[in-house]
Colleague: 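Sharing a structure below in structure tokens format, with a few things to ask.
All values below come from the heavy atoms of this structure, side chains included, with hydrogens, waters and symmetry mates left out.
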Amino acid sequence: MPEKTDYKKKLVARDLKKRSLVLHNDDIHTFQYVINALMKICNHDELQAEQCALIVHFRGKCPVKGGPFVQLKPMKDQLILKKLRVTID
């Protein structure tokens, strides 16, 4: 049974490793739309959301939240439902 135990350990390690939720530029949504989504879903204050939106606009992407995979996955799913491009790196 060591194979199952190793697999479970890898899953737990993956879930606990610090990751970044990265928002990518899409040239479709307005700044206000992105700002509102970040405030609602990622619990950003207005200034933080504005800064992230500007970074995404000028650099093409921005890490908007950090944490373990299990914490970021629901936020990623909600942002995708809003048609925003996000990844977990």
Colleague: Could you go through D45 and M39, starting from their C-alpha distance and side-chain angles, then the distance that decides it, and tell me whether this counts as side-chain contact (heavy atoms from CB on, under 4.5 Å)?
Modeller: CA-CA 6 Å; D45 60 31; M39 290 171 58; over 6 Å; no

Colleague: Any donor-acceptor pair under 3.5 Å linking the side chain of Y33 with the backbone of I28?
Modeller: no

Colleague: Quick one: CD1 on I41 to NZ on K76, what's the gap to the nearest 0.5 Å?
Modeller: 13.5 Å

Colleague: For the atom pair CG (L72) and OG1 (T87), what is the distance rounded to the nearest 0.5 Å?
Modeller: 10.5 Å

Colleague: For the residue pair H29 and K83, what are the closest heavy atoms and their distance?
Modeller: CE1-O, 2.9 Å

Colleague: Looking only at heavy atoms, which two atoms of P74 and Q71 are closest? And how far apart?
Modeller: CD-O, 3.4 Å

Colleague: Please find the pair of heavy atoms, one from A37 and one from L79, that lie closest to each other, and give the distance.
Modeller: CB-CD2, 4.1 Å

Colleague: Roughly how far, to the nearest 0.5 Å, is NZ of K61 from OG of S20?
Modeller: 10.0 Å

Colleague: Walk me through whether V64 and V22 qualify under side-chain contact (heavy atoms from CB on, under 4.5 Å).
Modeller: CA-CA 6 Å; V64 294; V22 180; over 6 Å; no

Colleague: Verify the cluster assignment for L38 and I88: are they in a single hydrophobic cluster under the rule of side-chain heavy atoms below 4.5 Å apart?
Modeller: yes

Colleague: If hydrophobic clusters are built by linking Ile, Leu, Val, Met, Phe, Trp and Tyr wherever their side-chain heavy atoms come under 4.5 Å apart, do I35 and L84 end up in the same one?
Modeller: no

Colleague: I'd like to know if the side chain of R19 reaches the main chain of G66, judged simply by a donor and an acceptor atom lying under 3.5 Å from each other, with no hydrogens or angles considered.
Modeller: no

Colleague: For residues 47-57, please give each side-chain donor-acceptor pair under 3.5 Å, one per line with the distance, not counting sequence neighbours.
Modeller:
none

Colleague: Taking the side chain as every heavy atom from C-beta outward, state whether P63 and L23 have any pair of such atoms under 4.5 Å apart.
Modeller: no

